[in-house]
Protein chains: 2
Amino acid sequence: MTTELPQGGGFGDPAFLPNTQQGIRRRNLSLVLQAITAHGPLSRAAVATRIGLTRAAVSTLVDELIRAELLVELGPERPGTVGRPGSALTVGERGPVGIGAEIGVDHLAVCAVDLHGKVRARATLESDNRGRPPEPVLKELARLVREVTGASRAAGLRPAGLAVAVPGLVARDSHTVVRAPNLGWSELDLGPFLLDGLPLSVDNEANLGALAELWIGGDPAPQDFVHVSAEIGIGAAVVVGGRLLRGTHGFAGELGHVPVRPEGPACPCGGRGCLEQYAGEEAVLRAAGIPYGEQGIGLLAARAEDGDAQARRALRGAGSALGIALSGAVNLLDPQTVILGGALSRLAPWLLPSLERELARRTADPARPKGGTVTVSRLGSEGPLLGAAHSVVQAVLDDPASVAGAVR
Amino acid sequence: MTTELPQGGGFGDPAFLPNTQQGIRRRNLSLVLQAITAHGPLSRAAVATRIGLTRAAVSTLVDELIRAELLVELGPERPGTVGRPGSALTVGERGPVGIGAEIGVDHLAVCAVDLHGKVRARATLESDNRGRPPEPVLKELARLVREVTGASRAAGLRPAGLAVAVPGLVARDSHTVVRAPNLGWSELDLGPFLLDGLPLSVDNEANLGALAELWIGGDPAPQDFVHVSAEIGIGAAVVVGGRLLRGTHGFAGELGHVPVRPEGPACPCGGRGCLEQYAGEEAVLRAAGIPYGEQGIGLLAARAEDGDAQARRALRGAGSALGIALSGAVNLLDPQTVILGGALSRLAPWLLPSLERELARRTADPARPKGGTVTVSRLGSEGPLLGAAHSVVQAVLDDPASVAGAVR
DNA sequence: CCTATTTCGTCATGCCGATTGACAAATTAG
DNA sequence: CTAATTTGTCAATCGGCATGACGAAATAGG
């Protein structure tokens, strides 16, 4: 029998540490490192007051993190106030990096992100992966990963883990893709292809895209939001208190099947009038008079930009439907913001007016300050890839001892 | 400047403890106590393996908790296996109690709950509080509180705090009722009336009702659920990972204004076709041919029980609308269960069939095991009162040191 | 019945790690 | 230039968990 508390799995879900001496030490290392990554260069004294420890205690923790190359000393701060200026600490340029990978329907991408959140290396490969057998795709991806890890190591960086974003459902705490309809994959264990020494985690791309918003989406990054993307169907990811809500069975975020008009057209899911029937890729393209296919969304964006009335009408309709569905979510969750990500960020200019109108009038509670604001992701289609890499970085921040390893 | 981490407010939200030696001690005391309250009588060894500490460490923690009268030793366990049997520990009968109070539109109630979750004392007063000025109501409530605390002390119990459930909106981390439409109160600070030595917290009754389900609702209690109640409007409380989701502005759970039919009847909130227009008290009573008034719900339940066709039809319709709105929530959140609480639990027999039908067909994802199950609260209208008392108990469990105080 | 085995609770000891208090260093205020 | 303030570090201390051994209390097996 082991502990009863929530056992973290995958990256980004901090593992449970018992309150033993070593556990405390590890947590304190994490607190110091997180304080410094989150709030720019800080002195030891500033860290100490922030996390509630004494300066002396922080000093020893910082020493350990410096030895592990996770922190570097920048030297004396600009003295602004009375007293001896502190010595600024920041995360190292030569420490660990997280490797993120993305398997898209028409591309493969890999990147390395350091503790600063900066992309330090990347590799991309255009290739139509729809219906292709998994083996060659994964071999190509493995090659890209080796390329990026090689470049990272050459730059003095240490890859700390690999996270893969997949357009499909992934079994919790496993490397197995349960089903990825757009790729035509199912029940596929990625471990054999990608496990070469690096810790591996696999997750859904919508989840990772949302986590990217949480970690690098804004300044300050929102902690409670609904992130809507439309890569496969219409997915939403709900982040509450800085934590991704995955749902009891891992199916949270099925915004596409929220009812918009209860007696609307039948949906393959068994319901009627689901959001996907109004704002799904297929429905919108049909309304815009564009054949359903590979380049549909790009074509739609181009036509809307050109002022094509039919395309714009289609997007207005989709925006209204999204607004209706999201007003339910906003009423229920009262999030800080709603973020349009993925392909939706490109279409946002034409979706937003009708979306915001519906949302505003349906969430105008007498006591509510104002209807939740809608923002457009700055990350766009980069979200899942960056989120994957950052999930590895986050795992390092959550437990620096695991990567500092046997450093003295 | 103090710490940056989430600072708990009110009961039930564990305060942040820094990772100092004392902080560890306090957390470990809490872990020991929580393990024992949650999982029946346990031996020291069982607790140790559960929380990941050594038996020796647990021994000292248990000693401290016994000195504080929070734990008692029951003596040797029934030996079932080889080895010396452990000494069973359980929470004391003579320790602290949480005092819960409820201000309803037609009654006042106060109770005392011990660490076992048992009600040890209670006092109730029927009185129509609609539109009554707050002062006399609160004076009566204060009298009931004194009655219950007095009875508790006489029984050797120590009241550890007072939590008040109010049918309205409460400002976060304050004692101030922002507005309680059914009572006709607004901007009222309860502190002056109820602060007599006991720590006070005030919260919305729907929130406390949901927390009651979390703490004493079932065996095992669900950790992720949507709790629907219909005391003022139609409120829902979302519990995720054992934590109540309050929303950025504290307005989470406004299920009543989730759109059911986007072009339906106008709602005072500014939207159209909100759930309240179909399943709100006023709408249902009108559909059932019952005048809107004090005893409306009771009358409705009675008629439905008698087989009144119009009443049953009204409830069927409300059930469908609830099912549609909830299917949105279930698709988005993938909760373990949906709980019908408060007044809805009385009406459940006639709401459930249509509700479950809508819910099942709209959440039948190919990959989803089954549509979320709907359960009816066992607590019924007792939920908020019990939840209030339990929120105090929970605060004790979260930081026993705070109440153990200067014990040796 | 008696012994070996297993598990429990406790004790003395040790060690890890945070706290305490003091100090030199580096800055601003006056 | 002095006083005041803040920083980082050091030595000493102390709190608190780990370790290992012990007696106690049960079962298993001959």
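So you know, we letter chains A, B, ... as the sequences are listed, proteins then strands, and number each from 1.
For the salt bridge (Lys or Arg N to Asp or Glu O under 4.0 Å) test, residues two or more places apart in sequence or in another chain that qualify with A:Glu93 are A:Lys118, A:Arg120.
Rounded to whole angstrom, the span from the CZ atom of A:Arg26 across to the C1' atom of C:dG17 amounts to 16 Å. Between the CG atom of A:Leu29 and the C1' atom of C:dA18 there is a distance of 13 Å, rounded to whole Å. Remark: C1' of C:dA18 and CD1 of A:Ile51 are 12 Å apart, rounded to the nearest angstrom. Taking atom CG of residue A:Leu89 and atom P of nucleotide D:dT7, one finds them 13 Å apart after rounding to whole Å. Remark: P of C:dT10 and CD of B:Glu64 are 15 Å apart, rounded to the nearest angstrom.
Closest-nucleotide positions on DNA chain C for B:Asn19 and B:Ser87 were compared, and the one nearer the 5' end corresponds to B:Ser87. Map A:Ser43 and A:Thr20 each onto its nearest nucleotide of DNA chain D; the residue landing nearer the 5' end is A:Ser43. Both B:Thr81 and B:Leu61 lie close to DNA chain D; mapped to their nearest nucleotides by heavy-atom distance, the more 5′-ward contact belongs to B:Leu61.
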Short heteroatom pairs, N/O only, protein and nucleotides 9-16 of chain D, under 3.5 Å:
| unit_1 | atom_1 | unit_2 | atom_2 | d |
| --- | --- | --- | --- | --- |
| D:dT9 | OP2 | A:Arg44 | NE | 3.1 |
| D:dT9 | OP2 | A:Ser59 | OG | 2.8 |
| D:dG15 | O4' | B:Gln21 | NE2 | 3.2 |
| D:dG16 | N2 | A:Gln21 | OE1 | 2.8 |

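When distances are taken from the side chain of A:Thr60 to each of D:dG8, C:dA18, D:dC17, the shortest belongs to C:dA18. Among the nucleotides C:dT19, D:dA18, C:dA26, the one closest to any side-chain atom of B:Leu53 is D:dA18.
Distance alone, capped at 3.5 Å, is enough to place a donor-acceptor pair between the A:Thr248 side chain and the B:Gln336 backbone. When atom types are taken as modelled, the side chain of A:Ser152 and the backbone of A:Val148 share a donor-acceptor pair closer than 3.5 angstrom.
Salt bridge annotation for A:Glu64-A:Arg25: present, with a cationic side-chain nitrogen under 4.0 angstrom from a carboxylate oxygen. Taking 4.0 Å as the cut-off between side-chain N and carboxylate O, B:Asp203 and B:Arg246 count as a salt-bridged pair. The pair A:Glu73-A:Arg44 meets the salt-bridge criterion, since a charged nitrogen lies less than 4.0 angstrom from a carboxylate oxygen.
A donor N or O paired with an acceptor N or O is found under 3.5 Å between the base of D:dT7 and the side-chain atoms of A:Arg84.
Within the 4.0 Å cut-off from OP1 or OP2 of D:dA18, at least one side-chain nitrogen or oxygen of B:Thr54 is found.
Between B:Val119 and B:Cys111 the shortest heavy-atom distance is CG1-CB, 4.2 Å.
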